[in-house]
Novice: 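The structure's right below; bear with me while I get my questions together.
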Amino acid sequence: MSGGVGRRFCRSQRFGSLGGRGVGSARFDAIIVGGGLAGLVAAWRLAEAGARVAVLEAAPKLGGRLRAADDPSGIKLDAGMHLVAGAYRRFLRLIEELGQTHEIGWQARCTLAVGHPGKARLVRIGADAPLFALRLAMSLGRAFGLRAMGSLFRLVHTAPHPEESTAQWLARARIPPPMLHEWLEPLHRAALNAELDETPAATTAAVIREAFASARTAKLGWFRCAIEDALIQPLAARIARRGGRILTTTRVLGFAREQGRIKAFTRRGAWQAPHVVLAVSPQARAQLFGGPLPRARPITTVYLWADTPALAEPIVGLAGTPVWWLDVSAMRGLNAPPRLLAAVASNTPRPTPQTIARWVEMLSDVQQAHIRVRRIRTFSEARATFLPAASCPPLPEGFVDAARAPHPGEIPDTIEHATRRGETAATAILRA
Ligand SMILES: Cc1cc2nc3c(=O)[nH]c(=O)nc-3n(C[C@H](O)[C@H](O)[C@H](O)COP(=O)(O)OP(=O)(O)OC[C@H]3O[C@@H](n4cnc5c(N)ncnc54)[C@H](O)[C@@H]3O)c2cc1C
């Protein structure tokens with residue numbers, strides 16, 4: 001029996017009849033469509049288990065949303081600066097297995113530093129082990145008063161309703177406004193890349209539960225080099241070592257089913273296997289297979305080379321703004337001036353030069369030091385992360401879904417979620 005799979009089947013059939021090199025001849029145990037983190041994790045797990053895999057990636061480079069860009073300064077820049085949370089269990093295990101633990105730097109202690117533009121105050125909220133929960137509550141009490149300690153307790157014991165938004169949930173828990181605006185809101189925006197009324201309370205509750213489980217999970221970390229070097233290349237090398245094939249500039253245009261196998265059609269030919277791991281973004285998934293377009297949110301990373309002393313902490317949030325300032329020089333151990341900073345603006349499209357100047361001014365205010373900017377380079381990703389979605393149409397038989405947006409109550413669209421999607425997809429095929 002043969003039949004079309006996916007909306008693009010009719011178009012893809014044309015390519016199937018071109019008879020290009022490799023058409024109908026390249027057979028694998030699994031084809032992985034998409035060479036971002038989820039796809040590479042799935043490919044490695046499968047290749048490790050002895051499966052013959054092929055990764056088909058549309059872009060000229062692997063990495064997807066973790067891609068890097070060369071810069072005239074000689075520094076390889078991530079198109080989006082990524083933070084790592086201590087709660088990223090599966091991701092950190094992956095990093096360890098790749099022997100790349102040394103490429104992740106961590107805060108000295110579990111601290112979130114939030115600056116107050118205009119008031120030049122830096123609030124440090126955080127705690128060490130042992131007695132982490134008690135110390136965290138005390139640090140909140142010091143920053144926001146005794147009521148804040150009680151509201152943390154109330155929050156933990158106010159179960160979110162299934163349909164309510166984070167804003168509704170926090171209102172029910174009667175969080176005092178300073179604690180909301182100076183701690184929970186910036187934290188929420190950084191973790192979920194969305195506003196409080198856009199996210200399901202169940203997702204935020206899951207983040208808080210996982211992030212504040214202990215001093216080990218409640219800390220933030222960063223990559224000490226470009227993510228491409230720390231993660232993507234090591235993964236690709238291991239896949240290749242296990243005999244996996246990786247093809248870039250190879251966009252999958254559609255699929256067809258033939259004698260129990262699925263054919264993936266590209267301009268370079270067709271690849272076939274009994275299983276296909278779909279590891280594209282939720283947007284590309286909807287384009288290939290239909291269904292509602294998922295809601296995405298932007299992130300902008302503005303790199304600045306500036307004459308300025310080191311930031312008070314490697315990560316400094318600015319209360320009342322969508323911006324987190326990162327001291328990239330400190331994170332990467334770059335000692336030569338000028339200092340490289342990055343302003344990461346969650347849920348924010350490309351800013352105007354005036355907006356960037358205002359962010360710099362606010363940081364100068366918090367740092368109480370003049371910041372002279374020498375050069376700026378901006379990366380803006382319109383679809384940086386996808387909001388949780390209650391459901392998406394299932395994929396046809398033979399396809400394994402590593403492309404869906406997170407469900408409400410799951411952790412959000414992060415490198416941890418991508419790792420979990422990739423590993424779950426590989427396990428599903430190995431068990432089949
Ligand atoms: C600017 C920015 C900042 C971020 N910050 C953080 C952070 O601080 N912490 C965090 O945890 N997460 C962060 N994220 C989110 C994180 O990057 C993503 O969750 C993760 O990289 C998603 O990986 P993925 O493999 O699922 O998807 P993607 O990276 O989107 O990979 C999908 C791949 O599929 C390919 N593809 C699409 N269509 C086809 C096709 N038809 N044929 C073949 N290939 C195709 C694409 O080219 C792409 O390479 C950030 C993202 C951005 C953009």
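Quantities reported herein were computed from a predicted structural model and do not represent experimental measurements. Numbering of ligands and ligand atoms starts at 1, following listing order. Positions are given from 1, in the same order as the sequence printed here. Scope of the values below: all heavy atoms of this structure, side chains included, with no hydrogens, waters or symmetry mates.
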Novice: At less than 4.0 angstrom from any non-hydrogen atom of V33, what atoms of ligand 1 do you find?
Specialist: 42 (N), 43 (C)
Novice: I need the nearest protein heavy-atom contact for atom 2 (C) of ligand 1: residue, atom name and distance, please.
Specialist: I299 CD1, 3.8 Å
Novice: Have a look at ligand 1 and work out which part of L62, if any, has a heavy atom under 4.0 Å from it: side chain, backbone, both or neither.
Specialist: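 It is neither part, as no heavy atom is under 4.0 Å.
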Novice: Tell me whether D327 contacts the main-chain N or O of L341 through its side chain, where contact means a donor paired with an acceptor under 3.5 Å.
Specialist: no
Novice: Answer yes or no: is there a donor N or O on one side and an acceptor on the other, between the side chain of E381 and the main chain of A79, under 3.5 Å?
Specialist: no
Novice: Using a 4.0 Å heavy-atom cut-off, which part of A85 comes near ligand 1: side chain, backbone, both, or neither?
Specialist: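 Neither; no heavy atom under 4.0 Å.
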Novice: With atom 12 (N) of ligand 1 as the reference point, say which of I415, I411, L247 has the nearest heavy atom.
Specialist: I415
Novice: Check whether the side chains of T427 and T424 place a donor and an acceptor atom closer than 3.5 Å, and report yes or no.
Specialist: no
Novice: Please test R67 against E228 for salt bridge (Lys or Arg N to Asp or Glu O under 4.0 Å), starting from the C-alpha separation and ending with a verdict.
Specialist: CA-CA 6 Å; R67 73 180 190 283; E228 186 174 278; over 6 Å; no
Novice: Near L37, which atoms of ligand 1 are under 4.0 Å from a heavy atom of that residue?
Specialist: 25 (O)
Novice: Return the residue, atom name and 0.1 Å-rounded distance of the protein heavy atom closest to atom 40 (C) of ligand 1.
Specialist: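 Closest protein heavy atom to atom 40 (C) of ligand 1: V252 N, 3.8 Å.
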Novice: Give me the residue, atom name and distance of the protein heavy atom closest to atom 16 (C) of ligand 1.
Specialist: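 Minimum-distance protein heavy atom for atom 16 (C) of ligand 1 reads H82 NE2, 3.5 Å.
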Novice: Quick check for you: to the nearest 0.5 Å, what is the distance between L196 atom CG and Q168 atom CD?
Specialist: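 It is 11.0 Å, given to the nearest 0.5 Å.
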Novice: Under 4.0 Å from a heavy atom of G36: give me the atoms of ligand 1 that qualify, with their elements.
Specialist: 25 (O), 31 (O), 33 (C), 49 (O)
Novice: Hey, which atoms in ligand 1 end up nearer than 4.0 Å to a heavy atom of D413?
Specialist: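 So the atoms of ligand 1 that pass are 15 (C), 18 (C), 19 (O).
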Novice: Starting from atom 1 (C) of ligand 1, locate the nearest protein heavy atom and write down its residue, its atom name and how far away it is, to 0.1 Å.
Specialist: G80 CA, 3.5 Å
Novice: Using 4.0 Å as the upper bound for N to carboxylate O, is an ion pair formed by R45 and E48?
Specialist: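 A salt bridge links E48 with R45.
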Novice: So is L253 touching ligand 1 or not, going by heavy atoms under 4.0 Å?
Specialist: no
Novice: Return the closest protein heavy atom for atom 28 (P) of ligand 1 as residue, atom name and distance.
Specialist: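 Going by distance alone, atom 28 (P) of ligand 1 is nearest to R65 NE, 3.6 Å.
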Novice: Under a heavy-atom criterion of less than 4.0 Å, does Y88 contact ligand 1?
Specialist: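 Yes.
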Novice: Using non-hydrogen atoms of the residue, decide whether E416 is closer than 4.0 angstrom to ligand 1.
Specialist: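 Under 4.0 Å: no for E416.
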Novice: Is it true that the side chains of T250 and R268 contain a donor and an acceptor less than 3.5 Å apart?
Specialist: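 Yes, side-chain donor-acceptor contact under 3.5 Å.
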Novice: Rounded to the nearest 0.5 Å, how far apart are CG of L363 and CZ of R358?
Specialist: 13.5 Å
Novice: Does only the side chain of V344 get under 4.0 Å from ligand 1, or the backbone, or both, or neither? Count heavy atoms.
Specialist: neither
Novice: Is ligand 1 less than 4.0 angstrom away from at least one heavy atom of R383?
Specialist: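 So R383 does not count as touching ligand 1.
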Novice: Considering only the protein, which heavy-atom contact is closest to atom 39 (C) of ligand 1, and what is its distance?
Specialist: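 For atom 39 (C) of ligand 1, the nearest protein heavy atom comes out as V280 CG1, 3.5 Å.
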Novice: Is it the case that atom CD in E97 sees more than 12 heavy atoms from other parts of the structure closer than 6.0 Å?
Specialist: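 Yes, CD of E97 has more than 12 neighbouring heavy atoms, counting only those of other groups under 6.0 Å.
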Novice: Checking side chain to side chain contact (heavy atoms under 4.5 Å, CB included) between V276 and each of I31, L395, L56, which is the one that passes?
Specialist: I31
Novice: Measuring only between side-chain heavy atoms, which start at C-beta, is V207 closer than 4.5 Å to P412?
Specialist: yes
Novice: Take every heavy atom of R251, measure it against each atom of ligand 1, and state whether any distance is under 4.0 Å.
Specialist: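 A heavy atom of R251 does come that close to ligand 1.
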Novice: Less than 6.0 angstrom from the centroid, inside 45 degrees of the normal: does R375 satisfy that with respect to the ring of W305?
Specialist: yes
Novice: Pick one of side chain, backbone, both or neither for how R421 approaches ligand 1, counting any non-hydrogen atom pair under 4.0 Å.
Specialist: side chain
Novice: Do D71 side-chain atoms and K76 backbone N/O form a donor-acceptor pair below 3.5 Å?
Specialist: no
Novice: Closest non-hydrogen protein atom to atom 52 (C) of ligand 1, residue and atom name please, with distance?
Specialist: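 Protein heavy atom with the smallest distance to atom 52 (C) of ligand 1: A384 CB, 3.7 Å.
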Novice: Using heavy atoms and a threshold below 4.0 Å, how should the contact between A284 and ligand 1 be classified: side chain, backbone, both, or neither?
Specialist: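 It is the side chain that touches ligand 1; the backbone stays farther off.
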Novice: List ligand 1 atoms under 4.0 Å from T250, heavy atoms only on the residue side.
Specialist: 43 (C)
Novice: Any atoms of ligand 1 less than 4.0 Å from a non-hydrogen atom of E381? List them with their elements.
Specialist: 53 (C)
Novice: Which one of L83, T414, T301 has a non-hydrogen atom at the shortest distance from atom 9 (N) of ligand 1?
Specialist: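 Going through L83, T414, T301 one by one, L83 has the nearest heavy atom to atom 9 (N) of ligand 1.
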Novice: Working to the nearest 0.5 Å, report the span between CG of L340 and CG of L304.
Specialist: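 Here the interatomic distance stands at 8.5 Å.
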Novice: Taking atom CZ of F255 and atom CD1 of I262, what is their separation to the nearest 0.5 Å?
Specialist: 8.0 Å
Novice: L56 heavy atoms, cut-off 4.0 Å: which ligand 1 atoms fall inside?
Specialist: 43 (C), 44 (N)
Novice: Hey, is ligand 1 close enough to S281 that some N/O pair sits below 3.5 Å?
Specialist: no
Novice: Hey, is ligand 1 close enough to L66 that some N/O pair sits below 3.5 Å?
Specialist: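 By distance alone, the answer is no.
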Novice: Mark up the atoms of ligand 1 that fall under 4.0 Å of a heavy atom belonging to G34, in ascending order.
Specialist: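 The list of qualifying atoms is 33 (C), 34 (O), 35 (C), 44 (N).
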Novice: Considering the options R295, R297, R65, which one meets the salt bridge (charged side-chain N to carboxylate O under 4.0 Å, His left out) requirement together with D413?
Specialist: R65
Novice: Which protein non-hydrogen atom lies closest to atom 46 (C) of ligand 1, naming both residue and atom, and how far is it?
Specialist: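 So the nearest neighbour among protein heavy atoms is E57 OE2, 3.5 Å.
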Novice: State which residue, out of R420, R404, R421, fulfils the salt bridge (charged side-chain N to carboxylate O under 4.0 Å, His left out) condition with E410.
Specialist: R404
